[in-house]
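One structure is given below, encoded as structure tokens.
Quick note on labels: first sequence line is chain A, next is B, and so on, each numbered from 1. No hydrogens, no waters, no symmetry mates; every other heavy atom, side chains included, goes into these values.
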Amino acid sequence: MIRELLSWYDVNKRELPFRKDKDPYRIWISEIMAQQTRIEAMLPYYDRFIKKYPDVKSLANADDEELHKMWQGLGYYSRCRNLKKSAIECMERYDGKLPGSKEELVKLPGIGPYTAGAIASIAYDENVSAIDGNVIRVFSRLYDIHEDVTLSSTKKKIEKLVNESLPGSEYISDYNQALMELGALICIPQNPRCDKCPLQNECEAKDPSSLPVTPPKKGRPCLEKQIFIWVCDEKIHLKKREEKGLLHGLYGFDETKPENIIKEIRLNPYSHIFSHVTWKMDAKVVYVDSCVDTCFYTLDQIVEKYAIPSAFKPFLDEIIDRKLVKYKP
DNA sequence: AAGTCGGGGGG
DNA sequence: CCCCCAGACTT
């Protein structure tokens with residue numbers, strides 16, 4: 001099975017920037033960016049990130065606001081904060097390098113069992129597993145496992161099967177990546193392309209589309225929000241979201257109504273869907289007569305310096321489109 | 001074990 | 001509308 005898989009991988013693997021070399025730092029960045037994110041979506045972020053932070057030291061010294069800006073739109077922003085935390089720890093405890101084993105890697109913030117295994121196997125050729133959603137899907141089908149894969153018992157069973165399949169350090173890097181690539185290109189969630197699968201002869205799944213088994217979905221609550229976009233002297237008020245919780249550390253608009261409103265313009269309503277909640281937003285641009293004592297920024301500043309989550313982007317776009325605030329004078 | 005944490009592409 | 005993605009962390 002290893003031979004078929006690796007042969008398939010040699011021919012069909014995608015050329016990805018982080019496959020060009022085995023720099024542990026670059027592998028690390030790519031794996032963090034790829035968490036719960038499609039490869040194509042993170043590619044432009046990856047190139048810009050490596051240019052700005054080419055090594056552990058530059059990342060450890062990163063400015064927090066610039067770091068958030070580099071991550072703007074990618075989501076799961078704790079990932080980039082943990083990157084910096086880990087980089088600092090690498091400077092202080094590991095001579096400015098990433099630790100050299102899965103066991104040590106997993107102790108760093110933001111690096112869990114999957115990412116530790118991916119870095120160790122790809123960068124160090126350590127013969128360890130890297131079990132992500134692709135591998136879970138591939139193995140649940142290979143062995144026709146009908147148990148709920150979110151149960152820890154099922155995960156352990158799959159981990160055991162994966163561990164027993166590991167090919168040794170000579171092939172581990174390609175093997176782990178090949179499993180994931182197979183899951184991404186052939187053994188896909190819906191309508192798997194079994195006719196093109198190199199493992200079709202040994203796959204035990206009778207109904208692959210029904211695997212892996214996951215628990216029934218839970219509803220997503222909807223939260224209605226009034227957004228007040230304070231504008232004064234061609235500048236927009238932004239508030240740093242300091243509270244712990246959703247989008248904390250990023251910048252957003254105010255949700256309180258200001259005192260002296262000169263004029264107000266209603267924007268198109270917009271509903272933003274997060275994983276576990278929906279924000280149904282109604283936004284108004286409110287022109288106020290004074291911006292002392294509050295944080296107001298030009299559109300140019302906002303676009304180049306402040307990390308705005310995608311949930312607010314439609315409002316910014318409409319402000320720009322309708323020229324409600326001066327932009328690029 | 002269940003919730004939290006983003007965003008987007010594709011059926 | 002739905003799914004889930006090279007998951008980790010908190011409760």
Close residues, [range], relative to DNA chain C [heavy-atom separation under 4.0 Å]:
range	answer
residues 142-167 of chain A	none
residues 32-67 of chain A	Ala34(A), Gln35(A), Gln36(A), Arg38(A), Ile39(A)
residues 113-121 of chain A	Pro113(A), Tyr114(A), Thr115(A)

Exercise for review: Please figure out whether Asn191(A) or Ile308(A) has its closest DNA chain B nucleotide nearer the 5' end.
Suggested key: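 The residue mapped nearer the 5' terminus is Ile308(A).
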Check your understanding: How do Lys313(A) and Lys218(A) order along DNA chain B: which one's closest nucleotide is nearer the 5' end?
Key ->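 Here Lys218(A) is the residue nearer the 5' end.
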Is the backbone N or O of [Y] less than 3.5 Å from a side-chain atom of [X], with the two atoms forming a donor-acceptor pair by type?
X	Y	value
Asp23(A)	Tyr25(A)	yes
Thr294(A)	Cys291(A)	no
Trp28(A)	Ile32(A)	no
Arg137(A)	Cys187(A)	yes

Review point. What do the steps show when you test Asp55(A) against Ser58(A) for side-chain hydrogen bond (donor to acceptor under 3.5 Å, both in side chains), and what is the final call?
Key: CA-CA 6 Å; Asp55(A) 48 37; Ser58(A) 57; 2.8 Å; yes
Check your understanding: Could Lys313(A) and Asp317(A) be called an ion pair, given the rule that one side-chain N must be under 4.0 Å from one carboxylate O?
Key ->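 Asp317(A) and Lys313(A): salt-bridged.
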Check your understanding: If you draw the axis of the six-membered ring of Tyr45(A), does the NZ or CZ of Arg48(A) fall within 45° of it and under 6.0 Å from the ring centre?
Key ->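 Arg48(A) over Tyr45(A) ring: yes.
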So what does [X] hit on the nucleic acid, given a heavy-atom distance under 4.0 Å: a base, only sugar-phosphate, or nothing?
X	result
Tyr76(A)	base
Gly73(A)	sugar-phosphate
Glu181(A)	base
Arg220(A)	nothing

Exercise for review: Could you tell me from which nucleotide to which nucleotide of DNA chain C, 5' to 3', there is an atom under 4.0 Å from chain A heavy atoms?
Suggested key: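 It runs dC3(C) to dC9(C).
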Review point. Given the rule in the side-chain hydrogen bond (donor to acceptor under 3.5 Å, both in side chains) test, do Gln72(A) and Tyr77(A) qualify, once you have shown the distances and angles that lead to the verdict?
Key: CA-CA 8 Å; Gln72(A) 173 182 325; Tyr77(A) 298 94; over 6 Å; no
Mind checking the [atom1] distance from [N] to [M]? Whole angstroms is fine.
N	M	atom1	answer
dG8(B)	dC9(C)	C1'	23 Å
dA8(C)	dG9(B)	P	23 Å
dG3(B)	dA6(C)	P	24 Å

Expected list for residues 280-289 of chain A: side-chain donor-acceptor pairs under 3.5 angstrom, two or more places apart:
| unit_1 | atom_1 | unit_2 | atom_2 | d |
| --- | --- | --- | --- | --- |
| Asp282(A) | OD2 | Gln226(A) | NE2 | 3.4 |
| Asp282(A) | OD2 | Arg266(A) | NH2 | 2.8 |
| Lys284(A) | NZ | Glu264(A) | OE2 | 3.4 |
| Tyr287(A) | OH | Leu324(A) | O | 3.1 |

**Study point:** Aromatic centroids of Phe228(A) and Phe253(A) separated by under 6.0 Å
**Key:**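 No: the rings miss the under 6.0 Å criterion.
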Exercise for review: For Ile111(A) and for Arg19(A), locate the closest nucleotide of DNA chain C by heavy-atom distance; then report the residue assigned to the nucleotide nearer the 5' terminus.
Suggested key: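 Result: Arg19(A).
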Practice item. Please figure out whether Pro109(A) or Glu31(A) has its closest DNA chain C nucleotide nearer the 5' end. Key: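 Result of the comparison: Glu31(A).
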Review point. Sequence neighbours excluded, which residues qualify as salt bridge (charged side-chain N to carboxylate O under 4.0 Å, His left out) partners of Lys22(A)?
Key: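 Partners of Lys22(A) by the salt bridge (charged side-chain N to carboxylate O under 4.0 Å, His left out) criterion, ordered by chain and then number, come out as Asp125(A).
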Check your understanding: To the nearest 0.5 Å, what is the distance between CZ (Arg19(A)) and CD1 (Ile27(A))?
Key ->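 Answer for the CZ-CD1 pair, Arg19(A) versus Ile27(A), is 9.5 Å.
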Check your understanding: Would Met91(A) and Ile29(A) show up in the same hydrophobic cluster when neighbours are defined by side-chain heavy atoms closer than 4.5 Å?
Key ->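 Yes; tracing contacts between hydrophobic side chains, which count when under 4.5 Å, links both residues.
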Review point. So if you build clusters from Ile, Leu, Val, Met, Phe, Trp, Tyr with side-chain heavy-atom gaps below 4.5 Å, do Val138(A) and Ile188(A) land together?
Key: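 Per the 4.5 Å side-chain linkage, Val138(A) and Ile188(A) are not co-clustered.
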Check your understanding: Looking at residues at least two apart in the chain, or sitting in another chain, which of them share a ring pair (Phe, Tyr, Trp, His ring centres under 6.0 Å) with His68(A)?
Key ->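 Ring pair (Phe, Tyr, Trp, His ring centres under 6.0 Å) check on His68(A) returns nothing, list empty.
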Review point. Ring pair (Phe, Tyr, Trp, His ring centres under 6.0 Å) with Tyr171(A): which residues, sequence neighbours excluded?
Key: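 Counting only residues at least two positions away or on another chain, Tyr171(A) forms no ring pair (Phe, Tyr, Trp, His ring centres under 6.0 Å).
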Exercise for review: Walk along DNA chain B from 5' to 3' and tell me the first and last nucleotide with an atom closer than 4.0 Å to a non-hydrogen atom of chain A.
Suggested key: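 It runs dA1(B) to dG9(B).
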Check your understanding: After noting the C-alpha distance and the side-chain angles of Arg14(A) and Glu40(A), does the key distance pass the salt bridge (Lys or Arg N to Asp or Glu O under 4.0 Å) rule?
Key -> CA-CA 11 Å; Arg14(A) 295 168 287 183; Glu40(A) 313 83 67; 3.5 Å; yes
Point to revise | Residues in side-chain contact (heavy atoms from CB on, under 4.5 Å) contact with Tyr251(A), at least two apart in sequence or another chain | key: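 In terms of side-chain contact (heavy atoms from CB on, under 4.5 Å), with neighbours along the sequence ignored, Tyr251(A) is linked to Glu65(A), Leu238(A), Lys240(A), Tyr306(A), Ile308(A).
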Only pairs under 3.5 Å count here: list side-chain donor-acceptor contacts from residues 108-122 of chain A, not counting sequence neighbours, and write none if there are none.
| unit_1 | atom_1 | unit_2 | atom_2 | d |
| --- | --- | --- | --- | --- |
| Tyr114(A) | OH | Glu31(A) | OE1 | 2.6 |
| Thr115(A) | OG1 | Gln35(A) | NE2 | 2.9 |
| Ser121(A) | OG | Gly117(A) | O | 2.7 |
| Ser121(A) | OG | Ala118(A) | O | 3.3 |
| Ser121(A) | OG | Asn176(A) | ND2 | 3.0 |

Point to revise | Base-pair map of DNA chain B as dot-bracket, where | denotes pairing with a different strand and pairs are Watson-Crick or G-U under 3.5 Å | key: |||||.|||||
